[in-house]
Amino acid sequence: MTKLEQAKAADRQYGPRPSVMADYDAVVVGAGFGGLYAIHRLRQLGLKVIGLEAGADVGGTWYWNRYPGARCDVPSLFYSYTWSPELRQEWRWTEKYAAQPEILRYAQHVADRFDLRSLIRFETRVTSAWWDEARQRWTVRTDRDDCITASYCVMATGNLSVPNKPKLPGLDCFRGAIYHTGQWPHDEVSFSRLRVAVIGTGSSGVQAIPLIAKAASRLTVFQRTPNYSVPARNAPLSDADVAAAEPVIAKYRESLETPEFGRVPSNAFEAPVPDKHVQWARYQQLWDQGGGGILTAFPNILTSDAVNHVACEFVRDKIRGIVKDSKTAEALSPKDYPLGVKRICIDTDYFATYNLPHVELVDLREEPLRTVTETGVETATRTFALDALVLATGYDAMTGALAAMDIRGRDGTRLKDAWVDGPSTYLGLMVSGFPNLFVVTGPGSPSVIGNVIHACENHVEWITTCLDAMRAKGLTRIEPERNAERAWMAHVADAASRTLYPKANSWYQGANIAGKPRVFMPYVGQGYRHRIAQIAQRDYEGFVMQ
């Protein structure tokens with residue numbers, strides 16, 4: 001029995017859980033890696049804190065994402081908290097790229113190791129958060145009829161936590177099973193001897209397709225946009241691997257705080273274009289090594305069309321060499337956007353899967369999907385009989401969870417209205433007009449561009465250090481200046497415009513969600529951590545404190 005089932009069984013036995021009507025110093029929304037650390041740090045400050053989590057357990061994205069093949073695309077030894085040396089020593093990752101069950105166990109271990117569960121109300125979804133100007137407090141309400149007030153509200157809702165459910169004609173009529181990779185059942189799903197379709201070939205589709213193909217009697221993949229993918233070369237981690245990685249990890253941690261640290265290096269705009277043969281040899285080395293290192297091959301790979309073009313050709317050449325059917329290989333080869341400007345996929349046997357006789361790729365650009373029927377899918381030219389449908393259609397990224405709540409700041413201004421033309425923050429941490437509301441890895445910060453667990457750590461530490469400094473001065477309220485916010489978002493846009501990132505219709509700019517404003521949301525400039533640390537040192541420049 002899953003934890004969710006246990007909770008529901010307890011509700012039936014003992015009656016519904018009583019609602020909470022209480023005052024706190026801080027409320028944290030979300031119990032993923034950002035939320036867990038926020039709860040821990042706020043408690044360390046001596047604040048009375050409560051966490052609210054929609055799931056039945058901790059883990060955030062890794063609680064919900066249980067689809068076949070789900071695993072992190074950051075090496076496990078780096079996808080770990082850095083704030084506790086003891087935690088690092090006692091936890092031992094088993095694979096180069098940890099799978100979802102192991103990452104979830106890590107989150108659960110953290111919650112137990114630091115006694116965080118007692119501060120979290122699970123299966124509790126926040127419906128609204130309103131700022132009360134008279135009381136200088138946030139009123140947070142939930143679907144459990146809880147009414148919680150707090151001086152500070154920390155939104156640790158995650159960047160990839162709201163599934164994008166496509167509005168496909170006829171989807172509600174389908175009689176077979178429908179699964180979304182972002183809301184996978186907690187019980188085992190078997191595709192044995194079933195005719196299965198997967199819609200979507202982003203990261204989750206690329207990970208799930210090879211494993212679904214092993215079980216299904218027939219697999220049809222419906223692809224709108226092909227994605228660049230590189231091999232993971234996943235393998236068990238030996239003690240020698242862990243020991244050898246320690247100096248590299250230590251050096252990486254030191255680099256995080258430097259002004260030069262970022263996805264786009266300082267010399268990216270002046271670096272020469274290497275000879276094609278030099279590039280090809282370097283890409284081959286990184287392809288054999290596995291993982292996303294190809295994006296660090298040359299400093300200007302994300303700023304120079306000439307350099308990136310060779311990288312694209314290299315990956316396309318690899319696809320043609322793996323996929324036997326030339327038409328399928330061409331359909332799987334991206335041609336209309338640069339490498340790395342969408343989050344690069346890291347796979348195990350993805351392209352080779354299309355060589356299996358029972359696997360077929362349908363290119364929706366040539367053969368549009370017309371409708372889902374009771375028994376399958378119809379395209380413009382064919383009908384596919386199906387037993388199960390998997391929607392690997394991603395997320396309403398970065399802002400979806402915040403938009404799903406009724407958040408109101410000063411004068412009753414709704415966050416949705418403040419962001420009607422796209423999200424706007426100061427440093428990705430706070431929003432003008434919304435006092436004492438903090439966002440962990442919000443739009444306008446690096447967040448999903450790099451290692452998000454370290455981005456979460458950075459924000460939580462900045463927030464709690466800020467609150468501690470305010471308390472030392474007897475201050476209780478903080479809000480960014482409107483002009484500082486505007487200047488920051490202009491800088492975020494300028495940093496992106498100097499790269500190749502805007503050349504793709506990616507979820508980085510909300511292109512996967514109909515009607516969502518097209519704004520490039522992550523910060524891709526340099527030295528973000530160094531910059532926000534300097535702002536704190538300059539007495540929180542750009543913020544108004546009272």
Side-chain angles (χ1 to χ4, degrees), residues 1-14 16-17 29-36 51-72 76 79 94-95 97-112 116-117 120-126 142-144 156-165 171 174 176-192 194 196-200 202-212 214-216 387-396 400-401 404:
M1 183 180 289
T2 66
K3 289 182 179 294
L4 180 60
E5 290 170 335
Q6 290 172 353
K8 289 181 178 179
D11 276 357
R12 288 193 296 270
Q13 182 176 359
Y14 301 110
R17 186 179 67 190
V29 183
F33 286 117
L36 286 176
L52 302 174
E53 166 57 46
D57 202 353
V58 299
T61 295
W62 299 108
Y63 171 81
W64 300 105
N65 278 18
R66 298 164 181 258
Y67 60 84
R71 67 177 66 243
C72 191
S76 309
Y79 197 74
T94 65
E95 290 183 282
Y97 292 100
Q100 177 271 335
E102 186 171 15
I103 299 172
L104 180 58
R105 287 196 299 273
Y106 177 65
Q108 292 167 335
H109 173 73
V110 171
D112 294 335
L116 302 177
R117 292 182 187 276
I120 305 169
R121 283 178 67 82
F122 294 103
E123 295 185 277
T124 303
R125 186 175 296 277
V126 171
T142 77
D143 61 354
R144 290 272 194 163
T157 49
N159 301 122
L160 300 173
S161 55
V162 176
N164 173 29
K165 297 179 180 178
L171 185 62
F174 184 61
I178 300 176
Y179 306 98
H180 194 289
T181 51
Q183 286 185 322
W184 204 260
H186 290 208
D187 298 324
E188 184 178 356
V189 174
S190 174
F191 292 109
S192 178
L194 298 183
V196 183
V198 175
I199 297 178
S203 291
S204 56
V206 163
Q207 290 182 334
I209 284 166
L211 292 183
I212 294 175
K214 289 181 179 180
D387 301 304
L389 186 59
V390 175
L391 305 177
T393 48
Y395 301 87
D396 184 351

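Heavy atoms only: backbone and side chains are in, while hydrogens, waters and symmetry mates are out.
Residues passing the side chain to side chain contact (heavy atoms under 4.5 Å, CB included) test with Ser161 are Ala401, sequence neighbours excluded. By the side-chain hydrogen bond (donor to acceptor under 3.5 Å, both in side chains) test, Thr157 pairs with no residue at all, sequence neighbours left out. For Tyr106, there are no side-chain hydrogen bond (donor to acceptor under 3.5 Å, both in side chains) partners, not counting sequence neighbours. In this structure Glu95 satisfies the salt bridge (charged side-chain N to carboxylate O under 4.0 Å, His left out) test together with Arg71, sequence neighbours excluded. In terms of the side chain to side chain contact (heavy atoms under 4.5 Å, CB included) criterion, residue partners of Ala98 (sequence neighbours excluded) are, by chain and number, Ser76, Trp93, Glu102, Ile103. Taking Asp112 as the reference, Arg117 meet the salt bridge (charged side-chain N to carboxylate O under 4.0 Å, His left out) condition, with sequence neighbours excluded. Among residues two or more places apart in sequence or in another chain, the ring-ring contact (aromatic ring centres under 6.0 Å, His included) test is passed with Tyr179 by Trp184, Phe191. Legend: residues meeting side chain to side chain contact (heavy atoms under 4.5 Å, CB included) with Asp387, ordered by chain and number and at least two apart, are Leu194, Arg195. Thr124 is linked by a side-chain hydrogen bond (donor to acceptor under 3.5 Å, both in side chains) to Arg17, counting only residues two or more places apart in sequence or in another chain. Remark: Arg66 engages no residue in a salt bridge (charged side-chain N to carboxylate O under 4.0 Å, His left out) (not counting sequence neighbours). Checked against salt bridge (charged side-chain N to carboxylate O under 4.0 Å, His left out), Arg125 has no partners two or more places apart in sequence or in another chain. Residues satisfying the side chain to side chain contact (heavy atoms under 4.5 Å, CB included) criterion with Ile120, sequence neighbours excluded, are Ala31, Leu36, Ile39, Glu53, Val58, Phe122.
Nearest heavy atoms, Ala107 versus Gly59: CB-CA, 3.9 Å. Of all the heavy atoms in Ala392 and Ser204, the pair that sits closest is CB-OG, 3.7 Å. In terms of heavy atoms, Pro68 sits closest to Ile212 at CG-CG1, 4.2 Å. Minimum heavy-atom separation, Val198 to Gly200: CG1-O, 3.7 Å.
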Carefully, step by step, assess Val390 and Thr181 under the rule side chain to side chain contact (heavy atoms under 4.5 Å, CB included). CA-CA 7 Å; Val390 175; Thr181 51; 4.1 Å; yes

Under the side chain to side chain contact (heavy atoms under 4.5 Å, CB included) criterion, do Asp57 and Gln108 qualify, and how do the steps go? CA-CA 8 Å; Asp57 202 353; Gln108 292 167 335; 2.8 Å; yes

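To the nearest 0.5 Å, atom CG of residue Asn65 and atom CD of residue Gln207 are 9.0 Å apart. Atoms CD and OG1, on Glu123 and Thr142 in that order, are 12.0 Å from each other to the nearest 0.5 Å. Residue Tyr97 holds its OH atom at 9.0 Å from SG of Cys72, rounded to the nearest 0.5 Å. Rounded to the nearest 0.5 Å, atoms CD1 (Ile178) and NZ (Lys165) are 10.5 Å apart.
A side-chain donor-acceptor contact under 3.5 Å links Tyr63 to the backbone of Ala56. The main-chain N or O of Leu104 is never found under 3.5 Å from a side-chain atom of His109 such that the two would form a donor-acceptor pair. Under a 3.5 Å cut-off, the side chain of Thr393 and the backbone N or O of Asn164 do form a donor-acceptor pair.
Between Leu389 and Leu171, the closest side-chain pair of non-hydrogen atoms falls below 4.5 Å.
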